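What follows is a set of notes on a single structure, which appears directly below.
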Number of protein chains: 2
Amino acid sequence: MDTPAADGPPQQLVSDVFARACTSREAFEGVTSRWSSLVLLALAEGPHRFGELRRRVEGVSERMLAQSLRGLERDGLLLRADAGTIPPRVDYSLTPLGDRVATSLRVLADTLEAAVPSIDGSRLDFDSRPR
Amino acid sequence: MDTPAADGPPQQLVSDVFARACTSREAFEGVTSRWSSLVLLALAEGPHRFGELRRRVEGVSERMLAQSLRGLERDGLLLRADAGTIPPRVDYSLTPLGDRVATSLRVLADTLEAAVPSIDGSRLDFDSRPR
DNA sequence: GAGGGTACTAACTATTAGTTAGCGCTTCCT
DNA sequence: AGGAAGCGCTAACTAATAGTTAGTACCCTC
């Protein structure tokens, strides 16, 4: 942060995902990690309880789900609302930042879903090639 | 693919990232995996050679870079052009699909880069909270 | 002629993800 | 009334995956 007398456009991005120690890279890795991205996608459809997420995100274990939720909560992408009742009830919902992130992930997922035939073809071709 | 006589909008998405065995989920995981996403981001800035990518993507090992490149090539997201010369020269560039994917990742990265102060604050707050 | 760059790969180890079991409590089914 | 299932986790253990080190065969610069 050494911009002594910068009078250019309001804000300049000083953070860089390519930089190993940058918060944005850590957050990027957190967001794109296997289960977190799917959790965000699920929450983009509306608030969910723990068990609902577990069922929605096919194949996630309770351990990984809990871990992903903690990470996303820590980065301020989602809100955890513990009703404090018995039996327990905890609701998860996206913050505005989480919603923006989830929106980009949705675009990505849509692109990939639409490209499935192309991808399948490419894989077949690649795998049939020698070496 | 069981849409016997659908006459609605041209194409309907039948693939679902939430489904464990779906190609789109596999591709999604491939694309969002730790190094692949960074490689795509780097290639979005233009074609790169192996060594250039290695230097651009801070912290990647040659093994992981090679592995990521194979995966992305297999899914048809990038093109590998081996000059066949000695010393070796291999150029990597994005396909149209890879470019679309990289664009979404760029949006995601921009969002996160801009949110760094917010994320740092959230982390500090989260970590200072008891338990 | 020593050192570094080219694009990798094989073998080994550290880290991380996944599995299993359990917690105290409630509600449903019989 | 007894048993099973669901709730939201967590600890301990194991399987998978990521990262590290070293090596390849050749070239160019100092």
Side-chain angles (χ1 to χ4, degrees), chain A residues 18 20-21 25-40 42-43 47-75 78-93 126 129-131, chain B residues 18-21 25-40 42-43 47-74 78-93 126 129-131:
Chain A
F18 290 112
R20 209 182 333 202
R25 164 120 156 217
E26 283 171 38
F28 188 79
E29 286 176 0
V31 156
T32 57
S33 72
R34 184 160 189 192
W35 302 113
S36 297
S37 49
L38 293 173
V39 166
L40 288 171
L43 289 179
H48 284 69
R49 297 181 58 178
F50 187 90
E52 290 170 347
L53 286 171
R54 177 150 173 43
R55 283 184 294 270
R56 182 79 180 106
V57 180
E58 224 179 271
V60 73
S61 66
E62 300 189 339
R63 182 195 199 274
M64 293 315 292
L65 179 55
Q67 206 169 95
S68 300
L69 289 168
R70 283 297 113 72
L72 293 171
E73 187 195 0
R74 187 171 109 99
D75 284 358
L78 60 77
L79 252 34
R80 190 186 110 103
D82 187 341
T85 56
I86 280 178
R89 179 191 175 101
V90 183
D91 286 278
Y92 293 94
S93 58
F126 184 91
R129 254 144 50 200
R131 283 246 84 234
Chain B
F18 289 112
R20 210 183 331 203
R25 166 121 155 217
E26 282 170 38
F28 188 80
E29 287 176 359
V31 155
T32 58
S33 72
R34 184 161 189 192
W35 302 112
S36 297
S37 51
L38 259 18
V39 166
L40 288 171
L43 289 179
H48 283 69
R49 299 181 58 179
F50 187 89
E52 289 171 347
L53 285 172
R54 176 149 174 44
R55 283 184 294 271
R56 182 82 181 104
V57 180
E58 225 179 88
V60 73
S61 66
E62 299 190 339
R63 181 194 198 273
M64 292 316 292
L65 180 55
Q67 205 168 97
S68 301
L69 289 168
R70 284 296 114 71
L72 293 171
E73 187 195 0
R74 187 171 110 99
L78 60 77
L79 251 35
R80 189 185 112 103
D82 188 341
T85 57
I86 280 178
R89 177 188 178 104
V90 183
D91 286 277
Y92 293 94
S93 57
F126 184 90
R129 255 145 49 199
R131 279 254 74 236

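Lettering follows sequence order; numbering is per chain, from 1. Computed over heavy atoms, backbone and side chain alike; hydrogens, waters and symmetry mates excluded. Treat the numbers as computed from the prediction; the structure is a model and nothing was measured.
- A:Glu73 has its CD atom 15 Å from the P atom of D:dG8, to the nearest Å.
- Using a 4.0 Å heavy-atom distance criterion, B:Arg54 is classed as making no nucleic acid contact.
- Contact annotation: A:Arg89 does not reach the phosphate of D:dG8 (side-chain N/O to OP1 or OP2, under 4.0 Å).
- One atom, CZ of A:Phe50, and another, C1' of D:dT10, lie 10 Å apart when rounded to the nearest Å.
- Atom CG in B:Asp82 sits about 15 Å away from atom P in C:dT6, given to the nearest Å.
- Residues satisfying the side chain to side chain contact (heavy atoms under 4.5 Å, CB included) criterion with B:Ala66, sequence neighbours excluded, are B:Phe50.
- Once rounded to the nearest 0.5 Å, the distance linking CG of B:Leu69 with CZ of B:Arg74 reads 15.0 Å.
- For the pair B:Leu38 CG and D:dA18 P, the computed distance is 14 Å after rounding to whole Å.
- Residues meeting the salt bridge (charged side-chain N to carboxylate O under 4.0 Å, His left out) test with B:Glu26, sequence neighbours left out: A:Arg123.
- Of all the residues in residues 27-35 of chain A, not one reaches under 4.0 Å from DNA chain D with any non-hydrogen atom.
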- Heavy atoms under 4.0 Å is the rule here; annotate nucleotides 24-30 of chain C 5' to 3' with B where the base is hit, S where only the sugar-phosphate is, and - elsewhere. BSS----

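- The CG-C1' distance, from B:Leu69 to C:dT9, rounds to 14 Å in whole Å.
- With rounding to whole Å, B:Asp91 atom CG is found 12 Å from C:dA7 atom C1'.
- For B:Arg55, the listed nucleotide lying nearest its side chain is C:dT6; candidates were C:dT9, C:dG18, C:dT6.
- Residues A:Gly30 and A:Ser36 share a closest heavy-atom pair of O-CB, 3.2 Å.
- Applying the side chain to side chain contact (heavy atoms under 4.5 Å, CB included) test to B:Arg20 and every residue at least two apart in sequence or in another chain returns A:Glu58, B:Arg25.
- Remark: A:Arg63 engages no residue in a salt bridge (charged side-chain N to carboxylate O under 4.0 Å, His left out) (not counting sequence neighbours).
- Qualifying salt bridge (charged side-chain N to carboxylate O under 4.0 Å, His left out) partners for B:Arg49, counting only residues two or more places apart in sequence or in other chains: none.
- Listed by chain and residue number, A:Trp35, A:Leu38, A:Ala42, A:Val60, B:Phe18 satisfy the side chain to side chain contact (heavy atoms under 4.5 Å, CB included) test with A:Val57 (two or more places apart in sequence, or in another chain).
- In this structure B:Arg89 satisfies the salt bridge (charged side-chain N to carboxylate O under 4.0 Å, His left out) test together with B:Asp91, sequence neighbours excluded.
- The distance from atom CZ of B:Arg63 to atom P of D:dT21 is 14 Å, rounded to the nearest whole Å.
- Taking atom CE on A:Met64 and atom P on C:dT19, their separation rounds to 10 Å, with Å as the unit.
- Between B:Arg49 and the phosphate of C:dA7, there is a side-chain N or O to OP1/OP2 separation shorter than 4.0 Å.
- With D:dT20, D:dA18, C:dT9 as the candidates, the nucleotide lying closest to the side chain of B:Ser61 is D:dT20.
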